[in-house]
Amino acid sequence: MKKNPARVASIRLGLCCSFSEHPIKFRNTTVKANSNMERKAALAKLAKLCAENAEALQAALQFCLDNRIGCFRINSQILPLKTHVDCGYTMADLPEGDEIVQRFRACGDFAKKHHIRMSFHPDQFVVLNSPREEVVDRSVAELEYQAEVAEWVGADVVNIHGGGAYGDKEGALEAFAKNLSRLSDRARSRLTLENDDTTYAPSDLLPLCRTEGIPLVYDVHHHRCKTDELSVEKATQEAMGTWDREPLFHISSPIEGWDGAAPKRHHDFIDIADFPDCWRDKDLTIEVEAKAKELAVLRLRKDLGG
DNA sequence: AGCGGTCAAGTTGAT
DNA sequence: ATCAACTTGACCGCT
């Protein structure tokens with residue numbers, strides 16, 4: 001079998017959202033600035049930002065290809081303010097919106113050709129189990145937006161956390177399961193769940209993942225912050241069992257070491273000692289959550305022997 | 001043209 | 001009761 005050049009052994013490393021030194025930048029704007037403009041001018045500006053972000057994504061994928069990085073996480077503001085209640089828009093609202101979509105589809109073609117995986121990670125405001133209806137509404141809208149772009153570019157993962165506990169974890173997870181029915185197939189089929197560092201450990205999520213057929217994105221750093229009865233090895237095995245495709249996990253290292261003041265916070269680089277030995281011989285995508293971004297990915301690959 | 005304060009959204013836990 | 005943490009750095013409005 002021909003070996004995929006974007007891999008070291010069986011591990012595919014992933015870069016998250018942005019660059020430390022390499023001069024690729026994604027654009028964004030603010031509600032305040034957008035609200036101060038006439039709607040037409042606001043949409044023209046947003047279209048420009050979206051188009052530039054499509055170009056930046058193409059450049060990011062080229063960087064990944066050139067540097068044998070097998071996965072890229074797309075930031076949530078790739079289409080700035082897309083779901084905002086006042087500033088939001090559809091692609092049809094944007095001047096030359098169709099061409100912007102075509103640029104993203106071209107990114108997808110490139111990624112497919114070169115076997116580069118892509119993912120999304122909607123941020124903390126997406127809470128599918130909130131008792132507040134309007135929060136769930138906005139969360140669904142955000143998931144649908146990111147899933148739409150995911151479809152254009154061929155990304156197979158839109159990853160979120162369990163959400164709040166609200167003093168009743170089991171009830172909160174039931175609410176999560178119930179609200180899954182509000183998602184389109186496009187969003188539902190890409191949805192994954194990740195253990196977090198305060199509320200939901202892997203063992204909290206695994207039953208839901210199995211029942212609902214949601215892959216578990218196992219974050220070993222979060223697991224070390226929010227432990228359960230599972231070992232890293234066991235959690236790895238159980239998480240792998242929830243995937244019907246190549247599993248995707250997260251790695252990071254604590255900013256000042258595990259005995260430091262803030263072990264939850266991320267270091268610039270990955271300490272190879274934090275990389276589980278049991279991951280080394282498996283077919284996995286590992287997203288590298290480290291502040292030094294592409295430098296951290298490249299150093300980790302070197303440290304792994306690539 | 002350069003500077004500094006500001007930035008959509010939710011929840012938790014530290015102070 | 002407030003605030004940092006969640007990728008922080010880019011952006012904008014003011015001078």
Side-chain angles (χ1 to χ4, degrees), chain A residues 14-37 41-42 45-46 48-49 52-53 56 60 72-89 119-146 159-169 172-173 175-176 179 194-201 204 217 219 221-222 225-226 250-256 260-270 287-297:
Chain A
L15 170 62
C16 296
C17 306
S18 60
F19 293 80
S20 168
E21 290 193 346
H22 196 72
I24 294 175
K25 300 281 184 224
F26 289 89
R27 305 290 310 277
N28 202 356
T29 186
T30 61
V31 168
K32 196 173 190 178
N34 204 260
S35 304
N36 287 340
M37 302 172 83
K45 178 179 175 177
L46 288 163
K48 185 161 186 290
L49 298 181
E52 289 186 23
N53 284 347
F72 185 73
R73 182 192 298 174
I74 298 173
N75 85 61
S76 296
Q77 294 79 40
I78 188 83
L79 306 183
L81 308 180
K82 179 71 167 67
T83 63
H84 187 268
V85 61
D86 297 318
C87 306
Y89 51 92
S119 75
F120 286 79
H121 194 355
D123 46 22
Q124 60 268 33
F125 312 107
V126 172
V127 182
L128 210 44
N129 68 352
S130 177
R132 295 166 53 196
E133 191 66 16
E134 70 278 14
V135 172
V136 179
D137 289 344
R138 284 196 294 264
S139 298
V140 169
E142 184 71 15
L143 287 168
E144 293 295 338
Y145 140 57
Q146 299 201 24
N159 178 45
I160 62 173
H161 293 288
Y166 313 102
D168 173 16
K169 252 194 241 187
L173 288 174
F176 187 103
N179 287 332
E194 177 189 351
N195 60 302
D196 62 73
D197 57 12
T198 54
T199 306
Y200 292 107
D204 294 316
V217 171
D219 185 314
H221 185 253
H222 289 162
C225 295
K226 172 69 181 177
H250 291 175
I251 186 78
S252 41
S253 284
I255 189 166
E256 293 167 316
K264 290 179 179 179
R265 298 188 60 193
H266 293 168
H267 192 89
D268 287 353
F269 291 93
I270 305 301
E287 290 187 337
V288 177
E289 297 188 323
K291 291 191 287 184
K293 297 295 172 187
E294 80 279 15
L295 304 181
V297 177

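Protein chains get the first letters and strands the later ones, always in sequence-line order, with residue 1 at the start of each.
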**Prompt:** With sequence neighbours left out, what residues match A:His222 under ring pair (Phe, Tyr, Trp, His ring centres under 6.0 Å)?
**Reply:** A:His161
**Prompt:** Using atom P of each nucleotide, how far apart are C:dC12 and B:dA8 to the nearest Å?
**Reply:** 11 Å
**Contacts of A:Lys48 that satisfy side-chain contact (heavy atoms from CB on, under 4.5 Å) - sequence neighbours left out** = A:Glu52
**Request:** Can you sort out the partners of A:Cys17 under side-chain contact (heavy atoms from CB on, under 4.5 Å), two or more places apart, ordered by chain and number?
**Result:** A:Arg73, A:Asn75
**Message:** I'd like to check the side-chain contact (heavy atoms from CB on, under 4.5 Å) partners of A:His267; sequence neighbours left out, ordered by chain and number.
**Reply:** A:Ser253, A:Phe269
**Message:** Tell me the interatomic distance from A:His221, atom NE2, to C:dC6, atom C1', rounded to whole angstroms.
**Reply:** 12 Å
**Asked** Looking only at atom P, what distance separates C:dT8 and B:dG4, rounded to whole Å?
**Response** 22 Å
**Item:** Pairing residues for A:Lys169 by the side-chain hydrogen bond (donor to acceptor under 3.5 Å, both in side chains) criterion, not counting sequence neighbours
**Value:** A:Asp204
**Asked** Where along nucleotides 7-15 of chain C does protein come under 4.0 Å, by heavy atom, of base (B) or sugar-phosphate alone (S), with - for untouched nucleotides?
**Response** -S-SSSS--
**Message:** So, using side-chain contact (heavy atoms from CB on, under 4.5 Å) as the criterion, who are the partners of A:Asp168 when residues are at least two apart?
**Reply:** A:Glu170
**Per-pair stack call A:Phe125 and B:dG10, 5.5 Å, 30°** = no
**Prompt:** Whole-Å distance between C:dC6 C1' and A:Asp196 CG?
**Reply:** 10 Å
**Request:** For A:Lys226 and C:dC6, give me the distance from atom NZ to atom P, rounded to whole Å.
**Result:** 18 Å
**Item:** DNA chain C stem ranges, 3 or more consecutive Watson-Crick or G-U pairs under 3.5 angstrom
**Value:** B:1-7 with C:9-15, B:10-15 with C:1-6
**Message:** List the residues meeting side-chain hydrogen bond (donor to acceptor under 3.5 Å, both in side chains) with A:Ser130, not counting sequence neighbours, and say none if there are none.
**Reply:** none
**Message:** Could you tell me how far C:dA4 sits from B:dG5 if I compare only their P atoms? Round to whole Å.
**Reply:** 15 Å
**Request:** Describe the nucleic acid contact of A:Ala290 in one word from base, sugar-phosphate, nothing, applying a heavy-atom distance below 4.0 Å.
**Result:** nothing
**Item:** A:Ser35: side-chain hydrogen bond (donor to acceptor under 3.5 Å, both in side chains) partners, not counting sequence neighbours
**Value:** none
**Request:** Could you check whether the rings of A:Phe72 and A:Phe26 sit parallel, tilted or perpendicular, using 30° and 60° as the cut-offs?
**Result:** parallel
**Request:** In whole angstrom, give me the gap between the P atoms of B:dT6 and C:dT7.
**Result:** 23 Å
**Item:** Donor-acceptor contact present, side-chain A:His221 to main-chain A:Ile251, <3.5 Å
**Value:** no
**Item:** Euclidean distance, atom CD of residue A:Glu142 to atom C1' of B:dG10 [Å, nearest integer]
**Value:** 13 Å
**Prompt:** How would you list, by chain and number, every residue that makes a side-chain hydrogen bond (donor to acceptor under 3.5 Å, both in side chains) with A:Asp137, sequence neighbours excluded?
**Reply:** A:Arg182
**Prompt:** Where along residues 130-139 of chain A does a heavy atom fall under 4.0 Å from DNA chain B?
**Reply:** A:Ser130, A:Arg132, A:Val135, A:Arg138
